[in-house]
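Encoded as structure tokens, the structure appears first; notes follow it.
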Amino acid sequence: MDLLDVAWRLLAVLLAFLTLPLLVGQAEHKVMAHMQGRVGPMHAGGFHGWAQLVADGVKFAQKEDVVPAEADRRVFRLAPAVALVPYLLVLIAIPVAPNGGVGQAVDAGIFFVLAVLGVGVLGQLMGGWASANKYSLLGGLRTAAQLLAYELPLLLSAASVVMAAGTLSLPGILDAWQWWWLPWQLVGAFVFFTAGVAELHRPPFDAPLAPEEIIFGPLTEYGGLRFALFMLAEYAGIVVVSALTAVLFLGGWHGPFADQLGWLWMLLKTGALSFVVIWMRVAWPRMRADQIQKFAWTVLVPLALLQIAVTGVVKVVFP
């Protein structure tokens, strides 16, 4: 790739990173407003509350930026960036269209994206530890425990697709993908998507935040634009987890007229899964911390191992 091609690809990834999470945030306002009969988000700016996200941005920008006196200031200020930047790196490796429609093809792409995703979650742990607040520290420890619990089923379910495709490359997985993988890898898709949502601490897996119990978990001491960066990281995480699920289990850009409309199929699948994440916030009550751990170790891990076993049998019987 020449320098101009690299620049265009990086610009496209950056634009996607700056727009897609904001669109998911706006969609969350509207979906929750309709599902829960919330009147407020439907009025800001006039027609259908189009300016609600803008109002939220102005609100965050006007809030005072406070750092606790006893906090580790350097780590406290670095944590929002650690939470946000990894999702930008992951987007570079996710293919959105056939014939080279990817920021940068990585041979071991699945290892790269899963490793970087784990780093992103550590931003909240850093924020909780550096805040010098016992409630923030407790939320940070819950974050670490949840990361450890759900990283294993996430990796195991992804390993099933790698076995099926015979490659670690994300574009290579899509090149090998067949429509009959949908029922074959259905259990793995459920495990991967659920574990990804849990790592983002989205409801019903938001016990590390749990504002009714421990204020706002590791983010208690954050306000203003730093808190907004954590929220942006959450929405970017929704986009990344949904896009990875679409690539690994739903065929990504595969669909009618894929050569011309592959990017559209990828966006539609990612958008549909993002809607499911928002719907889960509305439909399901929060799980307790012990229930979250039990669900990971007694449900998701056995299901992921079952999917690997089924994939191994199918690969042996139908090589």
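Note that these values count all heavy atoms, side chains included, but never hydrogens, waters or copies made by symmetry.
The backbone N or O of Asn133 lies less than 3.5 Å from no partner atom in the side chain of Ser131, so there is not a single donor-acceptor pair. Side-chain atoms of Arg9 come within 3.5 Å of backbone N or O of Val102 as a donor-acceptor pair. Looking at Tyr222, its side chain does come within 3.5 Å of a backbone N or O of Phe76 through a donor-acceptor pair. Although no hydrogens or angles enter the test, the distance criterion places no donor-acceptor pair under 3.5 Å between the side chain of Glu28 and the main chain of Gly25. The backbone N or O of Ala145 sits less than 3.5 Å from a side-chain atom of Gln293, completing a donor-acceptor pair. Using a distance-only test at 3.5 Å, with no hydrogens or angles considered, a donor-acceptor pair links the side chain of Lys269 to the main chain of Leu250. Formation of a donor-acceptor pair under 3.5 Å by the Gln146 side chain with backbone atoms of Glu199 is not found in this model. The main-chain N or O of Leu209 is never found under 3.5 Å from a side-chain atom of Asp206 such that the two would form a donor-acceptor pair. With hydrogens and angles disregarded, no donor-acceptor distance shorter than 3.5 Å links the side chain of Lys63 to the backbone of Leu225.
A side chain to side chain contact (heavy atoms under 4.5 Å, CB included) with Val191 holds for exactly one of Leu305, Leu303, Val301; it is Leu303.
A distance of 13.5 Å separates CE of Met126 from CZ of Arg77, quoted to the nearest 0.5 Å. For the atom pair CZ (Phe192) and CG (Leu155), the distance works out to 9.0 Å, reported to the nearest 0.5 Å. Atom OG1 of Thr220 is separated from atom OH of Tyr135 by 9.5 Å, given to the nearest 0.5 angstrom. Here the straight-line distance linking atom CD1 of Ile94 with atom CZ of Phe112 works out to 10.0 Å at 0.5 Å rounding. The line from CZ of Phe249 to CG of Leu244 is 10.0 Å long, rounded to the nearest 0.5 Å. Here Thr143 contributes atom OG1 and His201 contributes atom NE2; the two are 4.0 Å apart, rounded to the nearest 0.5 Å.
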Steps toward side-chain hydrogen bond (donor to acceptor under 3.5 Å, both in side chains) verdict (Ser242, Thr270): CA-CA 5 Å; Ser242 299; Thr270 302; over 6 Å; no
Intermediate values then yes/no, side-chain hydrogen bond (donor to acceptor under 3.5 Å, both in side chains), Ser157 and Gln307: CA-CA 7 Å; Ser157 55; Gln307 179 67 74; over 6 Å; no
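The aromatic rings of Trp279 and Trp284 stand perpendicular to each other, their planes meeting at an angle above 60°, with 30° marking the opposite boundary. Ring orientation note: the planes of Phe227 and Phe60 are tilted relative to one another, at an angle of 30° to 60°. Using a 30° and 60° split on the angle between ring planes, Trp184 and Trp180 fall in the parallel class, below 30°.
Enclosure of atom CG in Asp65 by more than 12 non-hydrogen atoms of other residues, nucleotides or ligands within 6.0 angstrom is indicated.
Remark: aromatic rings of Tyr87 and Phe17 are distant, center separation not under 6.0 Å. Checked against the 6.0 Å centroid threshold, Trp265 and His254 do not count as a close aromatic pair. A centroid separation of less than 6.0 Å is found between the aromatic rings of Tyr150 and Phe205.
Closest approach of Ala79 and Gly123 over heavy atoms only: CB-O, 3.4 Å. The two residues Val13 and Ile92 have their closest heavy-atom pair at CG1-CG1, 3.8 Å.
In this structure, Leu53 is a member of the same hydrophobic cluster as Met35, with clusters built from ILVMFWY side-chain heavy atoms closer than 4.5 Å.
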